[in-house]
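Owing to the predicted nature of the structure, the values given are computational and were not obtained by experimental measurement.
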Amino acid sequence: MQLQNKTFFWLGQGLTTLVFALLLSGVFTPGSLPAARAEDVTPTAEQQRALDRINYYRSLAGVPPARLNPALMQAASGHANYVKLNGWGEVHNETAGKPGYVGADMQSRARNFGYTGWVNEDMSGIGEPVAAVDGLMNTVSHRTPILEPAYTDIGYGFATGKNAVDVIAFGTTKANYVYNPPVIQWPPNDFASFGTTFWGESPNIFSGVSFPIGNPVTLTYRGTGKMELVAEESQLLGPDGNKVDTVIAIGNTYTTRATFVIAARKPMVKNQPYTVTMTYKINGQKESRTWSFKTGPLPAAGSPTPAPSPTPTPTPTPVTPLPAGVAKAPVAIGDLWRKVDGTVGQTGSSRTWLYGPDVNRAALENYTESTKGQRNVWYFDKARLEINQPGADAKSDWYVTSGLLPEELMSNKIQVGDNNFIPGPGAAQVVIAGDVTNNPNAPTYQTFSKVASLNNDRRAANRVGQVVQEALNVSGQVSQVKPPVAVKYGYYEPTLGHNIPEVFMTSFKTLPREWLFIVGLPLSEPYWTKAKVKGIEQDVLVQVFERRVLTFTPSNAPEWRVEMGNVGLHYRLWRYNQ
C-alpha cells in the first residue's frame, strides 16, 4: 500500500508554546546521514507525549496502538528544524543547500535516516505535542492518518518561536495489511469531548462551504471492496432532536480516500448532545450506524482511556467472487488478486487493472532454487505472479512475487534461478505501449534496452522539480522536445539512479501495497513517445520499472491517464509466441 500524504493544517497564530524544542542543526546531505538505531535515539518527553496522545485517540476508535520509531523521530525533528530555520514556504518539501536540509520530501527524509517503509506526514503550527495532536484530530485529512491502522510507526518533531511547527511522521513497513476494524468511526459512541468548530484545512474536501463549520464526523473504510455513502439517509440531530443543516462530503484526496463526512454548516453548541446516523453500502450491502456524542472540552493530557461504548457490528460483507483462472490458483494468489483487483472486477472501479481480470496462462517454469527446480507461475495481462517456495510461510509479504519481466524483455535473458540466466528467443521487438500491431513509431522493449540500467549503469542526475522534456523514438534516439503537458520529476530513486515523474508518484499513493512491491525499481528515465492507442497516435510518457511499465497519456480521462502496461501479455508473446 502506498501511504504518502502531503497535507498541511494551520492552527493559527497567537497560541502559547509550552516547551522548548530539541533541534537538529547544521546542513546535511542525504549521503551523510546515519541510519537510525534504537540504541542511539532516546525519545524525548515531548515525543512520548505525542505518541501517548495519538494512542489515546486510536484506542477510542478501536485502532491498535502505534510505536515510536527512531528513524521517523529523526526525520520529523529534522524537518521541524528546517521549517524553523527557513519558514513555512515549502511545507512538506525541502531545498538542498538551505540550512537544516535533511531530505527533499517526506519519503526521502525517512529513507535518509534508515526507514525502509512508506511514510505520511501531518504538520501544524503550535510547537507542543498534545495541543498539536488535538488540533489535527479536529480535521478530516489529518485525523485520518492518526487513526490509520496500517501506520504502526510514529515520529514527532517540533520547534517553538516565530516558526512554531509540529511534524508527525507516520510509517508502515508492511506491504500487506489486514485492517481491523475495517470501518473507523470518529467520534466514538458516547464521546463527551468533541470539538464544536472546524476552520478548514488543505487539501479542502468541502465545496461551496463557508468556514467555520461544525467539527466533522467521519467514517473511514479500510476493508475489502467498495464503500458508498447513502447521503439521503445520513443525518445529524441537534440537542433538541431536530435535524441540523449539514454538509456531506466524500474524501477525494489520497489521505481521505474512502472517508465519508457529515458536518453541521455552522459551529455546534458547546456542551450539548448530538446524534448522528450514517448509512452506507459495502459491496452493495446497506448498513446503518446511529450513535451519540457530546461537545465539550478535551480531556487533560495523560487522562486514562475510558472504556469505549459498543459500536454497531457491521453485517458480514460478501466476498468478491474470483474469476475462473484465479479461482484455480492457490489461495495466496486468489487473496492477492482480490485485495488488489477485486474492486475493479466487482464494481468496475474507475482505475487501471494492476494485474488483470483473470489468469491467462498457468505454467511450471524452470527455477534452480524452487522445489524440484521448477516454480509455479500465473500470467495476467499486466504481470506474472510467482511462488518460488511453496513450503514457505504463505502469509509472508513476499510469498507471492511479481516477475521481473521488463528486465528479461530488454536484456533477452530469461532468469531460471537467483543467479542463473539463459538466452531468450531474441530481441523483444514488442511495442512497449499502445497497440501491439500497426504501431510503427512506438518504441519497443528493444528500444528501451538502449537507455535502461541493465547493468547498474546509465544513471541519471537528480532532476526533481524539472519538467520532463526528453523523448525517445523507435530507433532509441533521445531528443529534447516541447512536452504536450508540463510533467515534473517528483522523486529521485538513488539505487539505480533514476527520476520518477510526479504523476507516477501520485498514482503510487493509491496502490494497495507498497509501490516497490508492485512495480519495483525504475530501470529507465521517463520518456515521451509516440504511440497509437486504438489506432490514434498520441503522446505517451513511458517509464520502465523492474516489474512493470508505467504510462501517462495526457489525452485520457483523468482516472485513466496513468496505467500499467500489458507486460504479462507482451512477455508471453515474446517468450511463448502466444
Does the gap between the ring centers of [X] and [Y] come in under 6.0 Å?
| X | Y | value |
| --- | --- | --- |
| Trp291 | Phe191 | no |
| Phe260 | Tyr280 | no |
| Phe113 | Tyr115 | no |

Q) Which residue pairs pass the salt bridge (charged side-chain N to carboxylate O under 4.0 Å, His left out) test with at least one member in residues 210-221, sequence neighbours excluded? A) none
(Q) Show me the pairs that pass salt bridge (charged side-chain N to carboxylate O under 4.0 Å, His left out) and involve residues 63-80, at least two apart or across chains. (A)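 Qualifying pairs: Arg67-Asp153.
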Q) Charged N to carboxylate O below 4.0 Å: is that the case for Arg384 and Glu386? A) yes
Q) Do NZ/NE/NH1/NH2 and the carboxylate oxygens of Lys382 and Glu563 come within less than 4.0 Å? A) no
Does [X] reach the main-chain N or O of [Y] with its side chain, forming a donor-acceptor pair under 3.5 Å?
| X | Y | answer |
| --- | --- | --- |
| Ser108 | Asp105 | yes |
| Glu128 | Phe158 | no |
| Trp337 | Gly356 | yes |
| Thr295 | Gly195 | no |
| Arg109 | Gly103 | yes |
| Asp358 | Val326 | yes |

With sequence neighbours excluded, tell me which residues meet salt bridge (Lys or Arg N to Asp or Glu O under 4.0 Å) with [X].
| X | result |
| --- | --- |
| Asp245 | Arg265 |
| Arg561 | none |
| Glu493 | none |

Q) Side-chain donor-acceptor pair under 3.5 Å between Asp381 and Tyr355, yes or no? A)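 Asp381 vs Tyr355: no donor-acceptor pair found between side chains.
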Q. Looking at Ser292 and Thr275, what are the two nearest heavy atoms and their distance?
A.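 Scanning both residues completely, I find the closest heavy atoms to be OG-OG1, 3.0 Å.
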Q | Distance-minimising heavy-atom pair for Ala80 and Val165 | A | O-CG1, 3.5 Å
Q. Does the pair Tyr156 and Asp166 meet the rule for a side chain to side chain donor-acceptor pair (under 3.5 Å), with working shown?
A. CA-CA 7 Å; Tyr156 171 74; Asp166 306 88; 2.6 Å; yes
(Q) Run the side chain to side chain contact (heavy atoms under 4.5 Å, CB included) test on Val217 and Met278 for me, step by step, so that the C-alpha distance in whole Å, both residues' side-chain angles and the decisive distance to 0.1 Å come before the verdict. (A) CA-CA 9 Å; Val217 175; Met278 295 186 78; 4.2 Å; yes
Q) In a check of ring-ring contact (aromatic ring centres under 6.0 Å, His included) between Phe517 and each of Tyr399, Trp398, Phe545, which one passes? A)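 It is Trp398; the other options fail the test.
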Q: Take Lys286 and Glu233 through the side chain to side chain contact (heavy atoms under 4.5 Å, CB included) test and state the conclusion after the steps.
A: CA-CA 11 Å; Lys286 184 183 289 188; Glu233 297 181 28; 3.0 Å; yes
Q: Kindly confirm or rule out a cation-pi arrangement of Arg53 over Tyr56, judged by NZ or CZ under 6.0 Å from the six-membered ring centre and within 45° of its axis?
A: yes
Could you tell me which residues satisfy side-chain hydrogen bond (donor to acceptor under 3.5 Å, both in side chains) with [X], sequence neighbours excluded, listed by chain and number?
| X | value |
| --- | --- |
| Thr220 | Thr259 |
| Gln48 | Asp52 |
| Glu228 | none |

Which residues satisfy the side-chain contact (heavy atoms from CB on, under 4.5 Å) test with [X], sequence neighbours excluded?
| X | result |
| --- | --- |
| Thr277 | Gln235, Thr279, Ser288, Thr290 |
| Pro212 | Thr197, Trp199, Pro267 |
| Asp335 | Val331, Arg338 |
| Arg143 | Met137, Thr139, Leu147, Trp186, Phe194, Asn215, Pro216, Thr218 |

